Amino acid sequence: AAPAKRLLPEWESSSQKLMFPVRPRMPMRLQQPLQLVTYDVHMPDALWIKKSLAEYDIPLEINELPYAEFSHPENCLEADLVLSGEALGDNLEMALYEWFATQTSLRHCIGDDIRQTMDNKLLDAVSLPHRQERMEAFRKLDIFLQQQLVLMPLYHHQQSLHYDERVQGLKLNSWGWVEFKDIWFT
């Protein structure tokens, strides 16, 4: 895994700096701990976040949900932070569109204004004639969401498959798992 500044590793070298409309301010003391919602595979990261925030006297409570419950948007609505992961497919253009358009923990935990702006930017992106232009629009959407303090990529992890050449139809699904029903041997 490598630390992330952008949603995709290819965008890491972008020289465009994030410009925040309002500098975030922390009160001297929070009235109650921040609430983080996540699921089992992200608990090590959640504990790291809790430890890191504690160094600044920012309390954090972690609500670990089974993935089946985490995937229901109503379970994340009261959270201050949502820790999730995404496995993007090889067709990055389609994977990014799908993620921005349908990712539950993203779409249901942002305000209506930001969601509407995101939807407008998505519509503008898919109407562009060339893939390179659409990918650039998605990169700018990534920057927009970070500037709005909605998205904060932590790290990138590359998954790969190693298999015998006789195995066919093998690929990872959006959860990073093999669809065994789709493979065959030659």
Side-chain angles (χ1 to χ4, degrees), residues 1-14 16-18 20 23-27 29-90 92 95-111 114-115 118 138-162 171-179:
K5 293 179 189 169
R6 301 285 193 265
L7 190 58
L8 294 181
E10 299 89 276
W11 296 343
E12 289 294 322
S13 62
S14 172
Q16 184 172 354
K17 295 186 187 255
L18 295 175
F20 296 99
R23 180 168 239 173
R25 293 176 162 228
M26 286 298 298
R29 289 262 181 225
L30 294 174
Q31 298 298 318
Q32 53 190 347
L34 293 175
Q35 299 295 312
L36 182 144
V37 175
T38 192
Y39 52 100
D40 59 351
V41 298
H42 295 295
M43 280 306 294
D45 296 325
L47 294 171
W48 172 79
I49 291 169
K50 182 174 184 164
K51 180 181 174 188
S52 298
L53 290 175
E55 293 175 11
Y56 297 95
D57 294 324
I58 301 172
L60 178 72
E61 289 181 1
I62 300 170
N63 184 6
E64 178 186 359
L65 299 175
Y67 185 76
E69 289 180 33
F70 177 84
S71 65
H72 295 291
E74 63 274 5
N75 291 326
C76 296
L77 292 177
E78 299 301 317
D80 299 300
L81 303 166
V82 177
L83 179 58
S84 184
E86 186 64 32
L88 298 175
D90 290 336
L92 282 179
L96 286 169
Y97 173 77
E98 180 181 32
W99 188 77
F100 285 128
T102 66
Q103 217 293 332
T104 304
S105 62
L106 172 67
R107 296 194 60 79
H108 289 70
C109 297
I110 59 177
I114 294 174
R115 189 179 314 106
M118 185 172 72
F138 291 143
R139 186 187 69 80
K140 288 179 178 176
L141 183 52
D142 167 47
I143 291 170
F144 167 76
L145 292 173
Q146 289 186 57
Q147 288 173 333
Q148 299 302 311
L149 304 176
V150 168
L151 176 66
M152 180 185 288
L154 296 179
Y155 57 85
H156 299 289
H157 179 76
Q158 180 72 38
Q159 291 181 311
S160 58
L161 290 173
H162 301 281
K171 62 182 180 178
L172 298 177
N173 65 19
S174 60
W175 293 293
W177 301 336
V178 172
E179 294 280 1

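Note that the structure is a prediction, hence the values are computed from the model and not measured. Basis for what follows: all heavy atoms, side chains included, without hydrogens, waters or symmetry-related copies.
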K.L.:
Report yes or no: does Ser71 contribute a side-chain atom to a donor-acceptor pair with the main-chain N or O of Ala68 at less than 3.5 Å?
P.N.:
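Answer holds: yes.
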K.L.:
Could you grab the distance from atom CE of Met152 to atom CG of Leu145, nearest 0.5 Å is fine?
P.N.:
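Separation between the atoms: 12.5 Å.
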K.L.:
Run the numbers on Met118 and Arg107 for side-chain contact (heavy atoms from CB on, under 4.5 Å), then give the verdict.
P.N.:
CA-CA 9 Å; Met118 185 172 72; Arg107 296 194 60 79; 3.0 Å; yes
K.L.:
Apply the test side-chain contact (heavy atoms from CB on, under 4.5 Å) to residues Asp45 and Tyr155: give CA-CA distance (whole Å), side-chain angles for both, the deciding distance (0.1 Å), then the verdict.
P.N.:
CA-CA 10 Å; Asp45 296 325; Tyr155 57 85; 2.6 Å; yes
K.L.:
State which residue, out of Lys140, Gln146, Arg139, fulfils the side chain to side chain donor-acceptor pair (under 3.5 Å) condition with Asp142.
P.N.:
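That would be Gln146.
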K.L.:
Could you state the interatomic distance from SG (Cys76) to CG (Leu65), rounded to the nearest 0.5 Å?
P.N.:
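The CG atom of Leu65 is 6.5 Å from SG of Cys76, to the nearest 0.5 Å.
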K.L.:
Test side-chain contact (heavy atoms from CB on, under 4.5 Å) on Phe144 and Leu151 and set out the steps.
P.N.:
CA-CA 9 Å; Phe144 167 76; Leu151 176 66; over 6 Å; no
K.L.:
Give a yes or no on whether Glu78 atom CD has more than 12 heavy-atom contacts from other residues, nucleotides or ligands under 6.0 Å away.
P.N.:
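Check fails, neighbour count at 12 or below.
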K.L.:
Would you give me the side-chain donor-acceptor pairs under 3.5 Å for residues 47-56, sequence neighbours excluded?
P.N.:
residue	atom	partner	partner atom	Å
Lys50	NZ	Leu60	O	3.4
Ser52	OG	Trp48	O	2.9

K.L.:
What pairs with Ala101 under side-chain contact (heavy atoms from CB on, under 4.5 Å), at least two apart in sequence or on another chain?
P.N.:
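If we apply the side-chain contact (heavy atoms from CB on, under 4.5 Å) test to Ala101, skipping adjacent residues, the hits are Tyr97, Leu122.
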K.L.:
Starting at CZ of Phe138, measure out to CG of Leu92 and round the result to the nearest 0.5 Å.
P.N.:
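Answer rounded to 0.5 Å: 10.5 Å.
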K.L.:
Output the distance between atom CZ (Arg115) and atom CD1 (Ile110), rounded to the nearest 0.5 Å.
P.N.:
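The CZ atom of Arg115 sits 5.5 Å away from the CD1 atom of Ile110.
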K.L.:
Which donor-acceptor pairs under 3.5 Å do the side chains of residues 35-42 make with protein atoms, sequence neighbours left out?
P.N.:
residue	atom	partner	partner atom	Å
Gln35	NE2	Pro33	O	3.4
Gln35	NE2	Glu61	OE1	3.0
Thr38	OG1	Leu83	O	2.8
Tyr39	OH	His42	NE2	3.2
His42	NE2	Gly85	N	3.2

K.L.:
Quick one: does Asn75's side chain have a donor or acceptor within less than 3.5 Å of a partner on Glu69's backbone?
P.N.:
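Answer holds: yes.
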